[in-house]
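In each ligand, atom 1 is the first atom listed, and ligand 1 is the first ligand listed. Side-chain atoms are counted along with the backbone in the values below, which use heavy atoms only and exclude waters and symmetry mates.
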Amino acid sequence: MKIIIAGAGAMGSRFGIMLHRGGNDVTLVDGWPAHVDAIRQNGLKANFNGEDITEHIPVMLPSEVKGDTKADLIILFTKSMQLAKMLQDVKPLIAENTKILCLLNGIGHEDTIEKYIPMENIFIGNTMWTAGLVGPGEVKLFGNGSVELQNLGQNQEDAAKNLAKVLSESGLNAKYSDNIHYSIYRKACVNGTMNCLCSILDVNMAEFGATKPAHDIVVTVVNEFAAVAKHEGVDLDIDEVVAHVESCFDPETIGKHYPSMYQDLIKNNRLTEIDYINGAVSRKGKKYQIPTPYCDLLTQLIHCKEDILGAK
Ligand SMILES: NC(=O)C1=CN([C@@H]2O[C@H](COP(=O)(O)OP(=O)(O)OC[C@H]3O[C@@H](n4cnc5c(N)ncnc54)[C@H](OP(=O)(O)O)[C@@H]3O)[C@@H](O)[C@H]2O)C=CC1
Ligand SMILES: CC(C)(CO)C(=O)C(=O)O
């Protein structure tokens, strides 16, 4: 399958490497010139579960995208703030049947994608895989993960199941979800706790989980997400979601991971996706007249930290 990874940072590199090793025709598109140059010159280097590997995958800057070969599948892996621009940049690669799969963290990305792509070609989901950029052209990949996805358009269920099969054949452990908005809110609860709290407290997920107040904070934040989700027809099972969030504390699985927001803000002084996670819940809370004090404060604290660190 001809697959374009649109946004080949940490996660795009993971998916690119695994799909390429799985025999797919993969091309990376990324806007960071130093990263693109390094991949071109030396291949994409990864420490993959302890083993050092180099994968030689074609790579382009968005400005180099041409429409000579169309993609069967484009997997979006930008940061939320870069999504609209990337959709414009990859337009020449999109044919009538090109499927678009969005696995970004955050809530409501379909509202952006719908402006560029016909509904029948949009597939949305989320992933529990992790990845870290070590530097240009180099990533660190460890642990296990999974993907859930679903079609947005009608009568596209078989296509969604086929996409899950293609990903799973490359070891990405993907499954079709018959209620992806539930899965997205459930995953957003992980990010709405782990990402901001690890960034504010300067810890990994296992270290946060080992603190006494961790459980109470997780329960309160999940309740705020659930109250808002209910207004959108998504009825979260709060105990199950709390258990899912707390499964991230396990140092034997992904507990030693520093969430992507930590990598952005603390490691690289880059702006964060907070407005698409806790910030989205705060905005929706105001709209539905539901108090979301923890999400409001966590959003503001992350914005304070962005200002203090001069994040760009
Ligand atoms: N990392 C993780 O473990 C996980 C991340 N996610 C989600 O996946 C999506 C992609 O995240 P992730 O792969 O972590 O994003 P990255 O920050 O690793 O990459 C995203 C883009 O940011 C730019 N970039 C990254 N680092 C630098 C740098 N130091 N200097 C200049 N540009 C840089 C690059 O594009 P450009 O230059 O064009 O800006 C890159 O394509 C997000 O929605 C995230 O929340 C989901 C699960 C786990
Ligand atoms: C790995 C995980 C689940 C941690 O919150 C994540 O999605 C991220 O790092 O952004």
Would you indicate which of [options] comes nearest to [atom] when only heavy atoms are counted?
{"atom": "atom 20 (C) of ligand 1", "options": "Gln82, Arg14, Arg270", "value": "Gln82"}
{"atom": "atom 28 (C) of ligand 1", "options": "Phe15, Trp32, Tyr276", "value": "Trp32"}
{"atom": "atom 38 (O) of ligand 1", "options": "Ala8, Gly31, Pro62, Ala10", "value": "Gly31"}
{"atom": "atom 46 (C) of ligand 1", "options": "Asn195, Asn268, Asn105, Ile277", "value": "Asn105"}

Taking NZ, NE, NH1 and NH2 as the nitrogens, is one of them in [X] or [Y] under 4.0 Å from a carboxylate oxygen of the other?
{"X": "Arg40", "Y": "Glu64", "answer": "yes"}
{"X": "Asp72", "Y": "Lys99", "answer": "no"}
{"X": "Lys45", "Y": "Asp52", "answer": "no"}

Heteroatom distance test (His257, ligand 2): nitrogen or oxygen, under 3.5 angstrom: yes

Ligand-residue contact atoms, ligand 2 with [X], heavy atoms, under 4.0 Å:
{"X": "Met194", "value": "5 (O)"}
{"X": "Val190", "value": "3 (C), 5 (O)"}
{"X": "Thr130", "value": "1 (C)"}
{"X": "Met205", "value": "4 (C)"}
{"X": "Asn105", "value": "6 (C), 7 (O), 8 (C), 10 (O)"}

Location of contacts on Glu273 toward ligand 1, heavy atoms closer than 4.0 Å: side chain

Contact with ligand 2 for Lys187, non-hydrogen, under 4.0 angstrom: yes

Contact check, Met261 vs ligand 2, heavy-atom distance below 4.0 Å: no

Taking atom types as modelled, is there a side-chain donor on [X] or [Y] under 3.5 Å from an acceptor on the other?
{"X": "Asn278", "Y": "Tyr294", "result": "no"}
{"X": "Glu306", "Y": "His303", "result": "yes"}
{"X": "Asn105", "Y": "Lys187", "result": "yes"}

Name the closest protein heavy atom to [atom], giving the residue it belongs to and the distance to 0.1 Å.
{"atom": "atom 13 (O) of ligand 1", "value": "Met11 N, 2.7 Å"}
{"atom": "atom 9 (C) of ligand 1", "value": "Thr78 O, 3.4 Å"}
{"atom": "atom 2 (C) of ligand 2", "value": "Asn191 ND2, 4.2 Å"}
{"atom": "atom 10 (O) of ligand 2", "value": "Ser260 OG, 2.5 Å"}
{"atom": "atom 19 (O) of ligand 1", "value": "Gly9 CA, 3.3 Å"}
{"atom": "atom 10 (C) of ligand 1", "value": "Phe77 O, 3.4 Å"}
{"atom": "atom 34 (C) of ligand 1", "value": "Asp30 OD2, 3.5 Å"}

Lys2 backbone acceptor or donor facing Asp25 side chain under 3.5 Å: no

Backbone N/O of Asp237 and side chain of Tyr182: donor-acceptor pair under 3.5 Å: yes

[X] heavy atoms, cut-off 4.0 Å: which ligand 1 atoms fall inside?
{"X": "Leu104", "result": "43 (O)"}
{"X": "His257", "result": "3 (O)"}
{"X": "Leu133", "result": "18 (O), 25 (C), 26 (N)"}
{"X": "Asp264", "result": "17 (O)"}
{"X": "Thr130", "result": "3 (O)"}
{"X": "Ala131", "result": "1 (N), 2 (C), 3 (O)"}

Side-chain touch Ile4/Ile75, heavy atoms, less than 4.5 angstrom: no

Gln82 side chain reached by Lys79 side chain, heavy atoms, under 4.5 Å: yes

Close approach of Lys187 to ligand 1, heavy atoms, under 4.0 angstrom: yes

Heavy-atom gap Trp129 to ligand 1 smaller than 4.0 Å: yes

Ligand 2-proximal atoms of Asn195, by part, heavy-atom distance under 4.0 Å: side chain

Criterion side-chain hydrogen bond (donor to acceptor under 3.5 Å, both in side chains) against His181, the qualifying member of Glu232, Glu110, Gln150: Glu110

Positive for side-chain hydrogen bond (donor to acceptor under 3.5 Å, both in side chains) with Tyr262, one of Thr272, Asn195, Asp202: Asp202

Ring geometry between Phe208 and Phe249 (parallel below 30°, tilted from 30 to 60°, perpendicular above 60°): perpendicular

Sub-3.5 Å N/O-N/O distance, Gln263 and ligand 1: no

Lys79 N/O to ligand 1 N/O under 3.5 Å: yes

Heavy-atom neighbours of Gln154 CD exceed 12 at 6.0 Å: no

Heavy atoms from other residues, nucleotides or ligands near NZ of Lys175 exceed 12 (cutoff 6.0 Å): no

Among Val221, Val222, Asp216, Asn223, side chain to side chain contact (heavy atoms under 4.5 Å, CB included) partner for Val219: Asn223

Arg21 NZ/CZ over Phe48 ring centroid, <6.0 Å and within 45° of normal: yes

